[in-house]
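Below, each value reflects all heavy atoms present in this structure, side chains not excepted, and no hydrogens, waters or symmetry copies. Proteins get letters first, then strands, A, B, ... in listed order; numbering begins at 1 in each.
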Protein chains: 2
Amino acid sequence: MRDMTLDPIALRTAFGSYMTGVTVVTAMSPDSVPVGFTANSFTSVSLDPPLLLICPAKRLSSYDLFHTCTHFAVNILADDQSAISTLFASRTEDRFGKVNWRRDSWGSPLIGGATARFSCRVHNRVEAGDHDILIGEVLDFDISDKPGLGYASGGYFSRTLEHKAQTGVATEMEKRFVGGIISYKDQLLLTPTETGLRLPHFRVPARTSALDTLTHALDGTGIEIGAVYSIYTDTKANRSYTFYRAVAPSLKVANLGHFIPLETVPQALTGPMAERTIIERYILESQNQQFGLYVGDDEYGDLHPVHLVQKGN
Amino acid sequence: MRDMTLDPIALRTAFGSYMTGVTVVTAMSPDSVPVGFTANSFTSVSLDPPLLLICPAKRLSSYDLFHTCTHFAVNILADDQSAISTLFASRTEDRFGKVNWRRDSWGSPLIGGATARFSCRVHNRVEAGDHDILIGEVLDFDISDKPGLGYASGGYFSRTLEHKAQTGVATEMEKRFVGGIISYKDQLLLTPTETGLRLPHFRVPARTSALDTLTHALDGTGIEIGAVYSIYTDTKANRSYTFYRAVAPSLKVANLGHFIPLETVPQALTGPMAERTIIERYILESQNQQFGLYVGDDEYGDLHPVHLVQKGN
């Protein structure tokens with residue numbers, strides 16, 4: 001049996017190399033409690049009849065409901081909704097109290113601001129290893145013009161954010177900065193400044209792109225720059241910031257600053273509040289990443305109720 | 001029955017709003033003929049046992065084989081392989097003659113240069129409307145460090161290309177240009193130049209991003225700029241070109257040029273050969289887009305054998 005030799009970590013990495021969107025799958029319990037979980041195991045299956053499928057994990061705390069329900073809904077998250085993905089991949093209590101939602105005609109919860117939403121009747125269920133395959137017939141759906149959130153190799157990405165980072169969003173009056181959320185294993189790089197420890201950041205010269213500036217600033221360090229993580233404007237200080245995720249090859253990064261354990265970063269940051277907000281979101285997402293075949297399956301992790309962090313941009 | 005009122009075109013759009021990667025699913029026929037089709041109906045299902053699924057359409061010309069085979073393979077395409085996606089979504093003859101491939105231990109074709117490849121034994125088949133759900137047990141797999149090709153709302157995208165477009169790839173000596181593949185329905189905008197009709201393009205000033213330059217050049221036209229489509233360097237002329245897809249709101253675009261029917265564009269282009277290559281690829285992909293719930297299901301279209309076009313970059 002060759003499959004006995006498969007390395008589960010490597011297999012998870014291989015599965016994760018396939019780019020996906022992100023959904024929150026929802027249903028209403030018989031005693032009218034809304035339940036939901038984050039999943040990227042969504043596939044459209046058939047147009048005639050209209051069918052889709054999602055795969056709830058057997059270890060999911062809400063598995064029994066999804067194993068017996070007659071109706072459910074699939075909400076394709078928009079690219080400004082990674083906080084909702086994180087929320088429904090966590091153990092936060094009263095998660096539906098923290099989002100806008102309404103019942104569809106069959107009682108299933110529809111989440112506001114999503115890219116598309118499908119109301120389904122269960123068409124078939126198939127057992128498949130540690131998950132079910134839940135096939136739904138689409139009874140109704142709606143769609144917005146918001147682009148969908150993306151997920152690849154363990155991280156969210158927003159094509160809108162990446163597009164925006166390419167353009168000179170700053171006005172003439174604004175000072176532009178570019179920064180890095182630079183990790184090495186479970187540590188993050190901070191830089192000492194006059195106003196305390198901050199995420200490393202650099203002034204973007206006029207008529208230069210943020211990414212070029214960051215690439216130049218990190219030249220020779222071996223730090224690999226990834227996706228745009230957040231863009232925000234500090235209107236009071238008249239400054240705009242674009243933060244990229246980045247990975248360091250080691251703890252030695254010359255004079256950029258020093259690494260501290262990820263979970264202590266929010267307390268250590270003494271600069272703008274927005275940086276703390278960004279890093280709190282980053283920590284939540286990192287915790288979820290460590291668990292589960294998918295974006296977040298409730299029972300893979302052991303997260304405790306946490307405060308919902310809004311996107312920094 | 002509310003579902004009788006579902007608009008199939010709108011449903012396809014809603015399904016398509018979910019971002020995906022792109023795979024080529026392959027199998028070997030009993031008489032040793034390799035077969036394959038492009039699909040984005042891939043989902044990883046289970047780690048223990050290792051299971052994945054894909055959904056072959058019943059209208060697929062190779063459906064009978066995928067309905068009876070004992071083994072198959074899934075190749076997750078890398079972001080420089082959109083030409084292979086187009087190839088396996090077309091009716092081109094001898095498609096395996098146009099790619100690098102080898103048999104896995106069970107005979108299924110593995111395509112070279114892919115992001116990840118899974119060798120599977122059929123675990124289960126489930127009928128689901130106009131498709132099957134084919135569940136495979138992963139017997140073996142490999143993974144490269146190449147990022148996967150993305151697909152969203154009917155178009156391919158490459159995060160590597162979009163990343164590259166943000167950086168000043170040109171050397172000091174190089175002249176940078178940015179251009180648009182600007183469509184209105186099935187027509188494309190061309191611009192008259194000294195050397196004949198060309199794709200509209202603009203010189204990028206020093207220390208300015210390509211996207212900023214294009215945004216400025218198209219200001220006031222209502223043309224909406226989309227994803228990066230191709231980046232190439234004309235080493236002889238010492239020029240680099242970045243082309244974005246874009247959509248015009250009408251045929252009136254002032255003095256940018258004029259629209260001509262898409263299929264006549266390759267003949268009309270009299271500039272660099274690379275522009276013809278880019279547009280030939282664009283036409284192939286446009287044809288495939290019109291057909292099928294997925295990236296390309298053989299039997300949805302009626303494409304005739306065409307010459308395989310390599311990526312322009």
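No side-chain donor from either of Ser119(B) and Asp140(B) sits under 3.5 Å from a side-chain acceptor of the other. Using modelled atom types, one finds no donor on one side chain facing an acceptor on the other under 3.5 Å when comparing Thr23(B) with Asn75(B).
For chain B, no part of Ile54(A) is nearby; none of its heavy atoms comes within less than 4.5 Å. Of the atoms belonging to Asp48(B), heavy atoms from both backbone and side chain fall under 4.5 Å from chain A. Ala128(B) touches chain A through backbone and side chain together, each having a heavy atom under 4.5 Å away. Asp7(B) touches chain A through its backbone: at least one of N, CA, C or O sits under 4.5 Å from a heavy atom, while the side chain does not. Within the 4.5 angstrom heavy-atom criterion, only side-chain atoms of Pro205(A), from C-beta onward, approach chain B. If you measure heavy-atom distances from Ala210(A) to chain B, you find no contacts under 4.5 Å at all.
Of the listed residues Thr213(B), Asn124(B), Ile133(B), the one with more heavy-atom pairs under 4.5 angstrom with chain A than any other is Ile133(B). Between chain A and the residues Gly148(B), Pro8(B), Gly129(B), the most heavy-atom pairs under 4.5 angstrom are made by Gly129(B). Each of Pro49(A), Ala116(A), Ser17(A) has some count of heavy-atom pairs under 4.5 Å with chain B, and the biggest count is that of Ser17(A). Your options are Ser144(A), Ala227(A), Ala10(A), and the one with the most heavy-atom pairs under 4.5 Å with chain B is Ala10(A). When Asp142(B), Leu53(B), Asp132(B), Val74(B) are compared by the number of non-hydrogen pairs under 4.5 Å with chain A, Leu53(B) comes out ahead.
Every residue was checked against the side chain to side chain donor-acceptor pair (under 3.5 Å) condition with His216(A), not counting sequence neighbours, and none meets it.
No donor-acceptor distance shorter than 3.5 angstrom exists from the side chain of Ser108(B) to the backbone of Asp104(B), with no hydrogens or angles considered.
Screening Phe66(A), Phe72(A), Phe42(A), Tyr63(A) against Phe37(A) for a ring pair (Phe, Tyr, Trp, His ring centres under 6.0 Å) leaves a single residue, Phe66(A).
The minimum heavy-atom distance between Leu6(B) and Pro50(A), with the atom names listed, is CD1-CG, 3.7 Å.
With rounding to the nearest 0.5 angstrom, the CD1 atom of Ile181(B) is 12.5 Å from the CD1 atom of Ile225(B).
A salt bridge does not link Asp79(B) with Lys146(B): every distance from a Lys NZ or Arg NE/NH1/NH2 to an Asp or Glu carboxylate oxygen is 4.0 Å or more.
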